[in-house]
Amino acid sequence: MDREIIAIYPGSFDPVTNGHLDIIERGSGIFDRVIVAVLVNIAKDPLFTLEERLEMLRDATARWPNVVIDTFDGLLVSYAAERHARVILRGIRAVTDFEYEFQMALMNRRMSPGIETVFMVPSEAYSYLSSSLVKEVSALGGSVTGLVPTDVERHLKIRIQRKESGREV
Ligand code: PNS
């Protein structure tokens with residue numbers, strides 16, 4: 001059987017970090033296609049709009065021809081089935097990620113036994129990295145150089161300056 005293996009890499013990506021890109025690059029080396037799927041309705045109040053999150057992802061992944069960026073809403077497994085994806089790709093940074101990821105993987109399997117969750121481990125340089133920490137450090141004036149693409153760093157600075165000057169978030 002030589003059917004194309006499509007993997008969905010889902011997330012909030014608010015914003016994309018070098019840790020996400022590390023997983024995307026590893027995934028693109030193994031799967032025929034990686035669809036980075038941005039969740040439309042994040043429960044947490046996002047810093048960046050959906051369009052901004054998509055644009056930053058598109059720029060950061062343009063170098064990998066088998067990586068595409070898309071959005072999804074509703075159940076991840078339904079979206080994966082629509083896109084004929086056999087794999088859900090997730091990154092595991094540390095043991096603390098495991099319980100939540102394990103629950104999601106088993107729930108997703110219960111709903112769609114034909115879709116496998118594949119966990120990949122990012123470089124140890126990013127094992128402590130998260131979008132939330134990047135936003136917090138950036139908002140408090142710390143440097144996030146090397147942790148996010150330069151374009152994302154620029155967007156973060158602009159967003160934070162706007163917040164400080166009392167303009168829109
Ligand atoms: O980057 P995140 O925020 O950790 O990603 C979480 C995400 C988007 C993978 C998860 O919230 C999700 O799959 N949401 C879609 C709704 C869904 O299918 N929920 C059931 C999961 S078992």
Side-chain angles (χ1 to χ4, degrees), residues 5-28 30-31 33-61 64 67-139 144 147-149 151-153 155-156 159 169:
I5 300 187
I6 300 170
I8 305 279
Y9 181 51
S12 317
F13 303 104
D14 184 41
V16 59
T17 68
N18 287 347
H20 294 129
L21 294 174
D22 182 289
I23 297 292
I24 294 170
E25 181 170 24
R26 289 173 201 281
S28 77
I30 289 190
F31 302 110
R33 193 144 36 111
V34 175
I35 302 175
V36 180
V38 184
L39 182 64
V40 174
N41 287 320
I42 318 184
K44 3 171 192 170
D45 191 24
L47 180 63
F48 293 104
T49 65
L50 177 64
E51 244 341 292
E52 288 169 330
R53 287 182 276 142
L54 289 171
E55 191 192 313
M56 288 186 270
L57 267 168
R58 281 193 203 105
D59 288 348
T61 59
W64 299 302
V67 173
V68 293
I69 311 300
D70 195 13
T71 60
F72 81 105
D73 210 353
L75 276 181
L76 174 61
V77 286
S78 307
Y79 170 76
E82 248 171 58
R83 301 300 309 255
H84 304 289
R86 275 199 276 163
V87 171
I88 292 171
L89 174 62
R90 292 287 287 173
I92 295 249
R93 293 163 297 188
V95 183
T96 43
D97 282 338
F98 186 76
E99 197 167 335
Y100 171 59
E101 295 298 334
F102 187 65
Q103 282 179 342
M104 280 207 300
L106 289 179
M107 184 62 86
N108 283 332
R109 177 181 286 162
R110 187 172 183 278
M111 293 187 282
S112 287
I115 299 175
E116 283 300 334
T117 297
V118 172
F119 295 120
M120 292 186 102
V121 177
S123 158
E124 67 262 35
Y126 305 126
S127 59
Y128 60 93
L129 185 55
S130 71
S131 297
S132 326
L133 264 188
V134 160
K135 285 184 281 192
E136 185 175 328
V137 168
S138 205
V144 292
L147 302 180
V148 292
D151 201 44
V152 173
E153 203 179 336
H155 273 88
L156 277 164
R159 188 48 43 103
V169 182

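Counting starts at 1 for both ligands and their atoms, following the listed order.
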In ligand 1, which numbered atoms sit nearer than 4.0 Å to a non-hydrogen atom of [X]?
X: Phe72; result: 15 (C)
X: Leu75; result: 17 (C), 18 (O)
X: Gly74; result: 15 (C), 16 (C)
X: Met107; result: 22 (S)

*When only distance counts, is Met104 in polar contact with ligand 1, meaning an N/O pair under 3.5 Å?*
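It does not: no N or O of Met104 is found under 3.5 Å from an N or O of ligand 1.
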
_Any atom of ligand 1 sitting under 4.0 Å from a heavy atom of Gln103?_
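Distance cut 4.0 Å: Gln103 fails for ligand 1.
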
*To the nearest 0.5 Å, tell me how far Ile24 CD1 sits from Ile35 CD1.*
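Result: 12.5 Å between the selected atoms.
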
_Straight-line distance of Ile88 CD1 to Tyr79 OH, nearest 0.5 Å_ =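 The CD1 atom of Ile88 sits 11.0 Å away from the OH atom of Tyr79.
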
*Between Glu25 and Ser28: side-chain donor-acceptor atoms closer than 3.5 Å*: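 Distance-only check fails for Glu25 and Ser28.
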
For [atom], what is the nearest protein heavy atom, given as residue, atom name and distance?
atom: atom 11 (O) of ligand 1; answer: Tyr100 OH, 4.0 Å
atom: atom 3 (O) of ligand 1; answer: Ser12 OG, 2.6 Å
atom: atom 4 (O) of ligand 1; answer: Arg90 NH2, 3.1 Å

Is there a donor-acceptor pair closer than 3.5 Å between any side-chain N or O of [X] and the backbone N or O of [Y]?
X: Asp22; Y: Asn18; value: no
X: Arg33; Y: Ile5; value: no
X: Arg53; Y: Val38; value: no

*Nearest to atom 21 (C) of ligand 1 by heavy atom, Val40, Val38, Leu76, Asn108: which?*
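Looking at heavy atoms only, Asn108 sits closest to atom 21 (C) of ligand 1.
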
*Show your reasoning for whether side chain to side chain contact (heavy atoms under 4.5 Å, CB included) applies to Ile8 and Leu89.*
CA-CA 6 Å; Ile8 305 279; Leu89 174 62; over 6 Å; no

